[in-house]
Structure formats: C-alpha cells, structure tokens
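Data block below; observations after.
All residue numbers refer to positions in the sequence shown, counting from 1.
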Amino acid sequence: MSHTPYPSSFYAATANAAPLRHALSSNVETDVCVIGAGYTGLSTALFLLEHGFRVVVLEAAKVGFGASGRNGGQIVNSYSRDLDTVERSAGSDAAKLIGAMAFEGGQIIRERVKQYDINCDLKNGGVFAAMNSKQMRHLEAQKILWERYGYRQLQMLDQSDIRDVVACERYVGGMLDQGGGHIHPLNLALGEAAAVESLGGIIYEQSPAIRIDRGANPRIHTKHGEVRAKFVVVAGNAYLGNLVPELAAKSMPCGTQVVATEPLTAELAAALLPQDYCVEDCNYLLDYFRLSADKRLIYGGGVVYGARDPADIESIIRPKMLKTFPQLCDIKIDFAWTGNFLMTLSRLPQVGRLDGNLYYSQGCSGHGVTYTHIAGKVIAEALRGQAERFDAFAGLPHYPFPGGQRFSAPLSALGALYYSLRDRIGF
C-alpha cells in the first residue's frame, strides 16, 4: 500500500509523538464522514463529536499534511478580504453575522488548547507592520472597522513603538493585535486529532477518497474500503483534487514558501523580536515571520500561482529575510519547504451544501488558521439544524477565475504583479 509521509519541514522534524493510524481496509458506517484531516476537518469532527455524532475522518496522507501542518503558524483575525469587502458582498444582515465570527476562530484555538491540553507552543500577540504612510492609513481604518464589530484588542504603533517590537528599519509603524498570536501548526493539528479520537472519532490515514456516490445515503470510496454515512463534509481544500468537480472550478491552489533558520542565540532572538510577537507586513504579497519555541526565525512569503514547487526555496525567501533582518547574513537556513493553500477569486471562503447532505468549506485564501476553526463550528451547527451562520457564509457570491483552469494561474500572477508594483511605489 502506498504511503505518503510528511514533507521535510521544521514542523515535521519537531512534531509531537502521534499514534500509528491505519488506512481504511473495510466497509464502515457512521453519521458523518469528513474528508480531510486538516484544521477544517478536525474542527468539524470535534464539534460534531461533542454533540453526540459518530464521525469518521478520511485523510489521504497524514493528519495536518497540507496547509494545516505547513503554514507560518500565525493566528490572524478576520479574513483574507476584510469586513468592508464582506459588507459590500453580503449585505448588512449577513455581514453582521460574518463580522461577529471574524474574531471567533482564535478564541476556539485557545479553548481547544486549554480543554484538550494541546502542546503547540501557543504565544499571544501579532503585529501588522506598515512600510509606508498609505499602509498606516489602511491600518488606522482597519482598527476603526474592527472596533465597529466590537473588537477591542488593537493598539496602533508609531515608528518608535514598532522598533520595540521588531528590529527592522523598513517599517514606519504598525498595529498590534493582542488577540493574534502564533503556534506550532502541525502540533495543533495533531493535538486536535488526539481530541477527536478521545471522543470516539476514527481517523484513517493514507486513505484518499476516490469517489463519492451521492444520494440520500452517500458512500465514500477509498482504494480498499468504503464509508457509508448520512452526511459528508468535504474539507480537502488545496489537496482535494477533482473529487467534487463543482468545487474545483471556482478555486485555485497556490503555493507559499517558508524557511526556518538554525537556532539563534537567546540574545539575537530577543534583539530581533523582543516581545516574541509574530509579524506580517501589509503588502499584497506579504512577508511574515516569528520565532519558534527553540528560537529559530521562521520566515515566509511569496505566492506561486498554480501550486508548482519551486526548485530552490531558500533562494526565494532568504533575500526577503535579509531585507528585513540584514543582521542574519551569516545565519544558516536549516529547513525550507513549500505548501499549498486554496485561493478564490473574491479571496473570501466558499461554504455550502450539495445534494442536501454534502457540506463543504474551502478557499481560505491564505487566512486559514483562524477561519478553519470557525468553519468547523459553523458546519457542525448546520448539521444540528442551526444553519443561520452557515447560510451567511454560503450566501457570499463566488465566481470562476478568468480564463478557466488553464489560464487562471498566469492571469492571477499578472494581477499580483500589478499590486506588488503598487506596494513598491506606495500608491
């Protein structure tokens, strides 16, 4: 039987111990079959199990194999497109519901970590760093917008303040979100998987779903087994493939790259990020970075449209890192990896149901750590008959990428180049 291991990354190298999970090799029956053991699938499974559902999770590789186990590890509130975009897209009633959920995902993560004693190096505090006055004005408007939805954990940082947060001359100011933070993302996924199993959920690894027989009693087929369920939750995101063709047409896998340095001295680590906050800049193609628990700098950025794996990740990210921290010129890179996330044209998540009993959530567009956790709660609510919040997301309009699947990547890259040029000249 084929076996797909974790990709080589800092997270895989420092993952907590996990039990051996076997592939599905028989026919089983359950209330809900969840496809995908990333954050969306695990969050959904956990909320359903807490309310008495029987749940089976099918994972094509290993728990947290995709973006959930490879991302930058930053807890960032709201969505990839902010609440003003939601207001224009969804109307006032739905926007109120979606806006109220914009800050709930981080709370869910913290509750899970505490309730199930998950060791994932959770740290509080995240900073949005502005590179010019235009970006500072954007952050000031963002603070007003978020506060209009009742969020009160933001603090503006002037040029002097941000020097106390990050040792970088590139930033003119920023905004601190005390409700942000950072984690070891793979260990969060592994901890949530253990919580799922502690409540009686079953996770099959190395068990890709190859076909769904839809209908009143769906059947989900793997190579060596079958799951019969009342409901199906599709949570494969960028790794779903063409299992559900309707979902592939309005989304595009994209790759992002991350590196981790060798461990820094305690003095150097404290000099770079004195408060141990995570940081992301405000560019369209943004850079993001933070310290790991063992004082490595984890630095990521850039997007590869169409999810091709670059030949030399370090050559892409190291120059970005040295622009931010030239004092690291002699520091070695120990790990470099890439991973895929799923982007939508609107940059807002796609949520819905097909055939009445097949639910899905996808397209976090690079903002998935927090969103996926609220998505799981909302899907679980809908399966319990409380669909108001689910329907608010489901009502967001979505469109296919211009040019179809063949031309979506190059056209998106051209659009990104335009916005990148705007970032560089500050207009």
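- To the nearest 0.5 Å, atom CD of residue Gln206 and atom CD of residue Glu59 are 8.0 Å apart.
- Taking CD of Glu104 as the start and CG of Asn77 as the end, the distance is 11.0 Å to the nearest 0.5 Å.
- Tyr39 and His373 have their aromatic ring centers within a separation under 6.0 angstrom.
- For the residue pair Trp146/Asp177, the side-chain donor-acceptor check at 3.5 Å is not satisfied.
- In this structure, Tyr11 has its ring center no closer than 6.0 Å to that of Phe335.
- Remark: the Gln135 side chain and the Asn283 side chain contain an N/O donor-acceptor pair separated by less than 3.5 Å.
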List the steps and the verdict of side chain to side chain contact (heavy atoms under 4.5 Å, CB included) for Val351 and Leu396.
CA-CA 8 Å; Val351 175; Leu396 290 172; over 6 Å; no
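- To the nearest 0.5 Å, atoms CD (Glu147) and CD (Gln153) are separated by 11.0 Å.
- The environment of CD in Glu388 is sparse: at most 12 heavy-atom neighbours from other residues, nucleotides or ligands sit within 6.0 Å.
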Given side chain to side chain donor-acceptor pair (under 3.5 Å), test His367 with Ser78 step by step and report yes or no.
CA-CA 8 Å; His367 232 76; Ser78 193; 5.8 Å; no
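- At least one cation-pi condition fails for Arg81 and Tyr284: the charged atom is not both under 6.0 angstrom from the six-membered ring centre and inside a 45 degree cone around its axis.
- With values rounded to the nearest 0.5 angstrom, Cys254 atom SG is found 8.0 Å from Asn340 atom CG.
- For Phe390 and Tyr359, the distance between ring centers is under 6.0 angstrom.
- Rounded to the nearest 0.5 Å, atoms CD1 (Ile118) and CG (Asn187) are 10.0 Å apart.
- Partners of Arg112 under the salt bridge (Lys or Arg N to Asp or Glu O under 4.0 Å) rule, at least two apart in sequence or in another chain, are Glu50.
- You'll find the ring centres of Tyr371 and Phe393 inside the 6.0 Å limit.
- Within the cation-pi definition used here (under 6.0 Å to the ring centroid, within 45° of the axis), Arg353 does not qualify as a partner of Phe231.
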